[in-house]
Amino acid sequence: MSNKFISVFIIILGFSVNPLMAQLDNTGFEQRIKKDSTIEDPFSFSLRVLSFNKNNEYFNRIVKGYTLFGTRFIPSIGYQLNEQVNIQAGVFLQKDFGNNNLTYSIPYFSILYNWNHSQLIFGNYNGSIHHRMLEPLEDFERLLVDAPENGLQYLYNTERIFFDAWINWEKMIYQDSPFKEEVSGGLVSQYDLFKENGNTASLHYQFRGYHKAGQIDALRGQPLITRFNNAIGLSFESKTKNGFVHGHKWEGYFLHYIDNSPQFRLPYTQGYGYYLNGTLETSVGDFMLSYWQGDHFYSYKGGRLYQSYTTDPNSRFFEDERKLLILRLMNEFNIGESSTLLLRFEPYWDFNNRSIEFSHAIYFNIFKTIPINKKNR
C-alpha cells in the first residue's frame, strides 16, 4: 500500500479527535466486541447470530433488484487476560438459503485493549453498522454480504464525544500475487454541542477512503486507485417520556467525493451530495423521511441507491444527478435480553425517473455472552 493513503488517513485522524447516532438507527443489529468477563472468571462464550430476509424490488439502471436471505453465525471463546486486555477466538460462518454450500467459513479473532474512554482492537473489530456511518458512505447491506472487517480500530467514547477510526485490510498480497492489495478506512465522529432536558444538538464529521495498489504483485503495469469521501453535518434530537410520540430527530449533511487516482476509471472525478433526514419515534415504531440529492456522487461500497454510477458490473451507465425521497417504516421487538426482531419497509420516489420502488425486510438478531465459571469447569 502506498504511503500516500496512510498519510492522508493519519492527518484526518489527527484533526478530527475533538469533534453518532447518525441517520438510520441500527443499534438493534449491534454485536460489539467488548470486555465480557472478569479476572476471577476470565473465560466466556459468546454467540452472535443474524438471520435476515431483505427483498429489494428495484427496476432502475443504477441498481437492479435482488433478495438476500440467510444466516450469519459467530461462536467464540473469550479470555480476559487482565483488566485491560480481552482476547476472542472463534469462527465466522454464513449460510445463504438456496445455496447448499457455506458462503463463508473463516476464522474470527480479536484482541481488545481497553483504557479510560478508549479502546484499541486488532483483528476482527466492530465494523459495518457499528461505525454508525451515513448510508450513502456505508451500505447497510455490507452487514449481510461481506465478511467481518479486520485490521485495526480505535474507539473513543465519552458522554459528549463518539469517535471511531479504522483501517480495514480487505485483500493481502504476497510476492507475485495475481491481484492488487486492497485497503479501506475511515472515521466517524460526533460532538454533542449541548445535552439537556432530553434535547441534544450534535456536530458530525465522517471520512472514508479506499486504496487499491501494490508493488510486489504480478500486475505491475496496472494503475493504482485512491478515492476519498467526506461528510459534515448537524443534528438535533428531542426525547419525550410519555404519550404516542417518544421523540423526534432532524439531520442535515453535505457529502463530497474525490478521485485522487493517477488514472481515472469512473466517468467523473469528484461530486457531492445533500442528505436530509427527519425521524419520528412513536409507540408503534419509527417513521423516517429522507431526501437525497447527489451530483456525480460515488462512495466505495456506499449505499447503492445513492450512487450516480451503476452498481451493475456489466454496465457503464451513470446519472449526473440523483434525487430520491425515501420513507422508512421501522420497528423492533426485544425478545428477552439477548435477541431482537426487526422489521423494515422502505419505499422511495425517484424524481428523475418518476417511479416508486421499495424494499422490505425482517431480521432476527441474537447476541449472548455467557461467563464460564470456575465451578462449571
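Closest approach of Phe92 to Ala147, counting heavy atoms only: CE2-CA, 4.0 Å. Across all their heavy atoms, Pro148 and Ile106 have their closest contact at CD-CD1, 4.5 Å. The shortest non-hydrogen separation linking Gly302 to Gln307 is C-NE2, 3.6 Å.
For Lys301 and Asp146, the salt-bridge test passes: some basic side-chain N is under 4.0 Å from an acidic carboxylate O. Under a 4.0 Å N-O distance rule, the pair Asp312/Lys64 qualifies as a salt bridge. Residues Asp259 and Arg227 are paired through a salt bridge, judged by an N-O separation under 4.0 Å between the basic side chain and the carboxylate. Comment: Arg304 does not engage Glu135 in a salt bridge, judged by the lack of any side-chain N to carboxylate O separation of less than 4.0 angstrom. Ion pair Arg322/Asp350 flagged as a salt bridge, since at least one NZ, NE, NH1 or NH2 atom sits closer than 4.0 Å to an Asp/Glu carboxylate oxygen. Ionic pairing of Arg132 and Glu30 is present here: one or more N-O contacts between side-chain nitrogen and carboxylate oxygen are shorter than 4.0 angstrom.
For Thr226 and His211, the side-chain atoms include at least one donor-acceptor pair closer than 3.5 Å. Side-chain polar atoms of Asn199 and Glu237 form no donor-acceptor pair below 3.5 angstrom. A side-chain donor from one of Tyr253 and Glu251 sits under 3.5 Å from a side-chain acceptor of the other. A donor and an acceptor atom, one from each side chain of Arg316 and Tyr309, are located under 3.5 Å apart. Donor-acceptor pairing under 3.5 Å is lacking for the side chains of Asn124 and Glu149. Side-chain N/O atoms of Ser355 and Asn353 include no donor and acceptor closer than 3.5 Å. No side-chain donor-acceptor contact under 3.5 Å links Glu321 and His296. There is no side-chain donor-acceptor pair under 3.5 Å between Glu83 and Asn114. Between the side chains of Glu141 and Asn56, at least one donor-acceptor pair of N or O atoms lies under 3.5 Å. Side-chain contact, Tyr154 with Gln119: no donor N or O sits under 3.5 Å from an acceptor N or O. When only modelled atom types and interatomic distance are considered, His131 and Asp164 share a side-chain donor-acceptor pair under 3.5 Å. Side-chain polar atoms of Gln88 and Tyr108 form no donor-acceptor pair below 3.5 angstrom. A donor-acceptor contact under 3.5 angstrom links the side chains of Ser290 and Arg328, judged on distance only. Inspection of the Asp96 and Thr103 side chains reveals an N or O donor paired with an N or O acceptor under 3.5 Å. Side-chain N/O atoms of Tyr205 and Asn230 include a donor and acceptor closer than 3.5 Å. Side-chain atoms of Ser235 and His204 include a donor-acceptor pair closer than 3.5 Å. A donor-acceptor contact closer than 3.5 angstrom is absent between the side chains of Asp295 and Gln293.
Checked against a 6.0 Å centroid threshold, the rings of Trp292 and Tyr348 do not count as neighbours. Taking the centre of each ring, Tyr156 and Phe163 stay at or above the 6.0 Å mark. You'll find the ring centres of Tyr257 and Tyr272 outside the 6.0 Å limit.
By the ring-ring contact (aromatic ring centres under 6.0 Å, His included) test, Phe254 pairs with Tyr274, sequence neighbours left out. In this structure Lys368 satisfies the side-chain contact (heavy atoms from CB on, under 4.5 Å) test together with Ser338, Ile370, sequence neighbours excluded. With sequence neighbours excluded, the residues forming a salt bridge (Lys or Arg N to Asp or Glu O under 4.0 Å) with Lys180 are Asp217, listed by chain and number. Considering only residues two or more places apart in sequence or on other chains, Glu281 meets the salt bridge (Lys or Arg N to Asp or Glu O under 4.0 Å) condition with Lys239. Every residue meeting the side-chain contact (heavy atoms from CB on, under 4.5 Å) condition with Asp192, not counting sequence neighbours, appears here in chain and number order: Arg160, Gln190, Lys195, Thr200, Ser202. Tyr363 meets the ring-ring contact (aromatic ring centres under 6.0 Å, His included) test with Phe29, Phe140; sequence neighbours excluded. For the salt bridge (Lys or Arg N to Asp or Glu O under 4.0 Å) test, residues two or more places apart in sequence or in another chain that qualify with Glu182 are Lys171. In this structure, Phe236 has no ring-ring contact (aromatic ring centres under 6.0 Å, His included) partners at least two apart in sequence or on a different chain. Shown here are the ring-ring contact (aromatic ring centres under 6.0 Å, His included) partners of Tyr291, two or more places apart in sequence or in another chain: there are none.
Side chains of Asn277 and Leu289 form no contact here, defined as non-hydrogen atoms less than 4.5 Å apart. With a 4.5 Å cut-off on side-chain heavy atoms, Leu112 and Val85 do not count as touching. Looking at Pro223 and Arg265, their side chains come closer than 4.5 Å, going by heavy atoms from C-beta outward. Phe358 has its side chain out of reach of Glu346: every pair of non-hydrogen atoms, C-beta onward, lies at least 4.5 Å apart. When side chains are defined from C-beta on, Phe318 counts as touching Tyr268, because their heavy atoms get closer than 4.5 Å. Side-chain contact check for Thr340 versus Phe367: every heavy-atom pair is 4.5 Å or farther apart.
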Problem set entry | Candidate pair Tyr275 and Tyr306, rule ring pair (Phe, Tyr, Trp, His ring centres under 6.0 Å), full reasoning | CA-CA 10 Å; Tyr275 193 40; Tyr306 306 90; 5.7 Å; yes

Problem set entry | Evaluation steps, side chain to side chain donor-acceptor pair (under 3.5 Å), between Thr310 and Ser315 | CA-CA 7 Å; Thr310 180; Ser315 173; 4.6 Å; no

Problem set entry | From CA spacing to verdict: side chain to side chain contact (heavy atoms under 4.5 Å, CB included), Leu144, Leu50 | CA-CA 9 Å; Leu144 313 179; Leu50 177 62; 3.9 Å; yes

Exercise. Side chain to side chain contact (heavy atoms under 4.5 Å, CB included) between Ser105 and Gln94: does it pass, once the steps are laid out?
Worked result: CA-CA 7 Å; Ser105 178; Gln94 177 161 333; over 6 Å; no

For this session: Please assess Val145 against Leu68 for the test side chain to side chain contact (heavy atoms under 4.5 Å, CB included), listing each intermediate value before the final yes or no.
Result: CA-CA 8 Å; Val145 299; Leu68 303 173; 3.8 Å; yes

For this session: Run the numbers on Trp349 and Leu327 for side chain to side chain contact (heavy atoms under 4.5 Å, CB included), then give the verdict.
Result: CA-CA 9 Å; Trp349 169 255; Leu327 175 63; over 6 Å; no

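Linking Ile, Leu, Val, Met, Phe, Trp and Tyr residues whenever their side-chain heavy atoms come within less than 4.5 Å leaves Ile258 and Phe264 in two separate clusters.
Through direct or indirect side-chain contacts shorter than 4.5 Å among Ile, Leu, Val, Met, Phe, Trp and Tyr, Phe97 is connected to Phe69. Taking Ile, Leu, Val, Met, Phe, Trp and Tyr as members and joining any whose side-chain heavy atoms lie under 4.5 Å apart, directly or through other members, Leu219 forms no hydrophobic cluster with any other residue. Taking Ile, Leu, Val, Met, Phe, Trp and Tyr as hydrophobic and joining them when side-chain heavy atoms fall under 4.5 Å apart, one finds Ile216 in a cluster with Ile173, Phe179.
The backbone N or O of Ile62 lies less than 3.5 Å from a partner atom in the side chain of Asn60, making a donor-acceptor pair.
Residue Gln175 places its CD atom among more than 12 non-hydrogen atoms of other residues, nucleotides or ligands, all under 6.0 Å distant.
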